[in-house]
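Below is one structure, written out as structure tokens; comments come after it.
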Amino acid sequence: MADNMSNDKLRPETIAAHALRALDPATGAVVPPIYLSTTYARDENYAPLLKENYVRAGNPTLWQAEEMITALERGAASLLFASGMAALTTLFETIPQGAHVVAPAVMYYGTRNWLQRLEEKGRISLTLFEHGKIAEALRPTTDLVWIETPNNPMWDVTDIELAAKLAHRVGAVLAVDATSLGAVTTLPLTLGADIVFHSATKYLNGHSDVLAGVLVTRDVNPRWTEIASLRAKLGSPLAPFECWLLMRGMRTLFVRYAQASNNALALARHFSNHAKLERVLYPGLATHPGHDIARRQMTNGYGGMMSLMLKGSFAQSQKFCTLLKVIVPATSLGGVESLAEHRKTVEGPESTLPDNLVRLSIGIENVNDLVADIEQALKEI
Ligand SMILES: *Cc1c(COP(=O)(O)O)cnc(C)c1O
């Protein structure tokens, strides 16, 4: 009953909706049980019943959620962590001492801060590349190339296929922060990437109520085995209840992502020539510098992430966020409710972002309510 449906033949929307046909073989429950147990008994021969018998190394609910993500990303295996940061810092832990890392100058600031911290400690050498300049940043000693596409919060698009070719030419691994792609619109492993990362806190869960991160690999190789072993030793796997909530969230991933993409595209078009705005940054707009790559690479919507650059000061852009009545002034992204954030306030005085940039995570509301909300807030600044 549980495994008579070949997932190879099924389309991703079906795999998601059925949570990989997670029927409980004992009861036929359509929604799988949560295995909260921290420990699993051995059998009469003192042999373990499961591949891991202590929750820090793994558990059945975790494996179920991981299999679902592996199927969606068309990878070989996945590892779920207690947060996005826990996942990516564990990957960085596998960089050999003193090796060279290449990463974008503009990206999720938590990742950039962590890489800079590793560089300050003499753990790695780091080259941050300006958009489109990966080739120039590579060295024969480069171990890891990290990209984020579309990147926070400018939404520039990186050609994954090209990045993989360049990274592989010097023997480096290409890892892609695919958080804003949601495992829906671009599958980096099919374009040559070696590892995909998601903050599963965002689109994968989609309901702003789970903190989680995931790595997905194209090959189960020694580096992957090391990451898996580190997760067990560091004690950072995702807890069973969060795994279960994440699976529930992922069942509706494709409809959520489609609605968010449609809403964001409509908003981007509506506001692209607005008198109170300097610019709208959204890869779905023909005027966006990354649009040509996006059209090729984002095959199932341009996502719900966009930024507005206001004709206004730091203070006015911050105020804009407080004037919104539907869109919530909060950090994070990828949830069903729209959020607005003045990124420079959040990143602090060292931020190199424009004063007038407001990042929007567009949700699944009726788009007319979002248009009206942004219009009324712009009128007030
Ligand atoms: C949120 C986020 C992270 C960090 O993930 P957490 O789940 O918050 O630890 C990394 N990259 C991107 C693009 C993110 O949006």
So do the side chains of Val106 and His131 get within less than 4.5 Å of each other, counting heavy atoms only? no
Would you indicate whether Glu130, at its atom CD, is surrounded by more than 12 heavy atoms from other residues, nucleotides or ligands within a distance under 6.0 Å? no
Would you please say whether a donor-acceptor pair under 3.5 Å links the side chains of Thr94 and Glu226? no
Kindly say whether the aromatic ring centers of Phe320 and His342 come within a distance under 6.0 Å. no
Distance from Thr217 atom OG1 to Leu91 atom CG, nearest 0.5 Å? 9.5 Å
Would you call Leu353 and Pro153 a side-chain contact if the rule is heavy atoms closer than 4.5 Å? yes
Taking the inter-plane angle between the rings of Tyr257 and Tyr203 on a 0 to 90° scale, is it parallel (under 30°), tilted (30 to 60°) or perpendicular (over 60°)? perpendicular
Just checking Arg218: does its CZ atom have more than 12 heavy atoms from other residues, nucleotides or ligands closer to it than 6.0 angstrom? yes
Flag the pair Glu66 and Arg231 as a salt bridge only when some basic side-chain nitrogen lies within less than 4.0 angstrom of an acidic carboxylate oxygen. yes
Taking atom types as modelled, find out whether Thr142 and His100 have a side-chain donor-acceptor pair closer than 3.5 angstrom. yes
Tell me yes or no: between the side chains of Ser78 and Glu73, is some donor less than 3.5 Å from an acceptor? no
Any carboxylate oxygen within less than 4.0 angstrom of a Lys/Arg side-chain nitrogen, looking at Glu278 and Lys311? no
Side-chain touch Val336/His207, heavy atoms, less than 4.5 angstrom: yes
Check whether Leu333 and Leu211 end up in the same hydrophobic cluster, where Ile, Leu, Val, Met, Phe, Trp and Tyr are linked by side-chain heavy atoms less than 4.5 Å apart. no
Nearest-0.5 Å distance that lies between atom CG in Asn366 and atom CD in Gln259: 8.0 Å
Go through it in stages, so that I can follow the logic: the residues are Thr158 and Ile134, the test is side-chain contact (heavy atoms from CB on, under 4.5 Å), and I'd like the CA-CA distance, side-chain angles, deciding distance and then a yes or no. CA-CA 10 Å; Thr158 299; Ile134 297 180; 4.1 Å; yes
With a 4.5 Å limit on heavy-atom distance, are the side chains of Met309 and Leu281 in contact? yes
Do any N or O atoms from the side chain of Asp373 and from the backbone of Lys325 form a donor-acceptor pair under 3.5 angstrom? yes
Using a 6.0 Å cut-off, check whether atom CZ of Phe92 has over 12 heavy atoms from anything other than its own residue. yes
Parallel, tilted or perpendicular: which fits the ring planes of Phe241 and Trp244, with parallel below 30° and perpendicular above 60°? parallel
Please check this pair: side chain of Lys202 against backbone of Thr179, looking for a donor-acceptor N/O pair closer than 3.5 Å. no
Does Val358 share a hydrophobic cluster with Val367, counting links as ILVMFWY side-chain heavy atoms below 4.5 Å and allowing steps through other members? yes
Side chains of Glu375 and His274: do they bring a donor and an acceptor to under 3.5 Å? yes
Kindly determine whether Ile69 and Met250 satisfy side-chain contact (heavy atoms from CB on, under 4.5 Å), including the steps that lead there. CA-CA 9 Å; Ile69 297 169; Met250 287 193 294; 3.6 Å; yes
Membership question, hydrophobic clusters at under 4.5 Å side-chain separation (ILVMFWY): are Val101 and Leu166 in the same one? no
Using atom types as modelled and distance alone, determine if a side-chain donor or acceptor of Thr201 lies under 3.5 Å from a backbone N or O of Ala212. yes
Flag the pair Arg11 and Glu13 as a salt bridge only when some basic side-chain nitrogen lies within less than 4.0 angstrom of an acidic carboxylate oxygen. no
Hey, any chance Ile95 and Leu215 share a hydrophobic cluster, counting ILVMFWY side chains that come within less than 4.5 Å of each other, even indirectly? yes
Is the Tyr302-His291 ring centre distance short of 6.0 angstrom? yes
For Ala16 and Met68 the tightest heavy-atom approach is O-CE, 3.5 Å
Does any non-hydrogen side-chain atom of Phe129 lie less than 4.5 Å from one of Val102? yes
Measure from the side-chain N and O atoms of Arg256 to the backbone N and O of Leu204, and report whether any donor-acceptor pair falls under 3.5 Å. yes
Under 3.5 Å, side chain of Asn263 to main-chain N/O of Glu365, donor-acceptor pair present? yes
Could you give me the CA-CA distance, side-chain angles and deciding distance for Val184 and Phe254, then say whether side-chain contact (heavy atoms from CB on, under 4.5 Å) is met? CA-CA 7 Å; Val184 169; Phe254 287 85; 3.9 Å; yes
Examine distances only and state if a side-chain atom of Arg251 and a backbone atom of Ala17 form a donor-acceptor pair shorter than 3.5 Å. yes
Please determine whether the number of non-hydrogen atoms from other residues, nucleotides or ligands lying under 6.0 Å from atom CZ of Arg248 exceeds 12. no
What do you reckon, is CD of Gln97 surrounded by more than 12 foreign heavy atoms closer than 6.0 Å? yes
Distance only, no hydrogens: is a donor on one side chain within 3.5 Å (strictly under) of an acceptor on the other, for Asp219 and Asn221? no
With side chains defined as the heavy atoms from C-beta onward, is the minimum distance between Val176 and Trp146 less than 4.5 Å? no
Does the ring of Tyr46 carry Arg42 above it, NZ/CZ under 6.0 angstrom from centre and within 45° of its axis? yes
With the side chain counted from C-beta on, respond yes when Asp43 and Pro48 share a heavy-atom pair under 4.5 Å apart, and no when they do not. no
Does Ser313 offer a backbone N or O that forms a donor-acceptor pair with the side chain of Ser317 under 3.5 Å? yes
Say whether, by atom type as modelled, one donor and one acceptor occur between the side chain of His288 and the main chain of Trp155 under 3.5 angstrom. yes
Looking at Asp194 and Arg223, does any basic side-chain N land under 4.0 Å from a carboxylate oxygen? no
Does the Arg112 side chain pair with the main chain of Ala105, one donor and one acceptor, at a distance under 3.5 Å? yes
Which residue in the set Gln316, Lys344, Gln318 passes side chain to side chain donor-acceptor pair (under 3.5 Å) when paired with Asp355? Lys344
Does any part of the side chain of Leu267, heavy atoms only, come nearer than 4.5 Å to the side chain of Ile374, both counted from C-beta? yes
Side-chain (Thr186) to main-chain (Gln297) donor-acceptor, under 3.5 angstrom: yes
Cluster link Val196 to Val173, ILVMFWY, side chain under 4.5 Å: no
Non-hydrogen atoms of Leu80 and Leu62 that approach each other most closely: CB-CD1, 3.7 Å
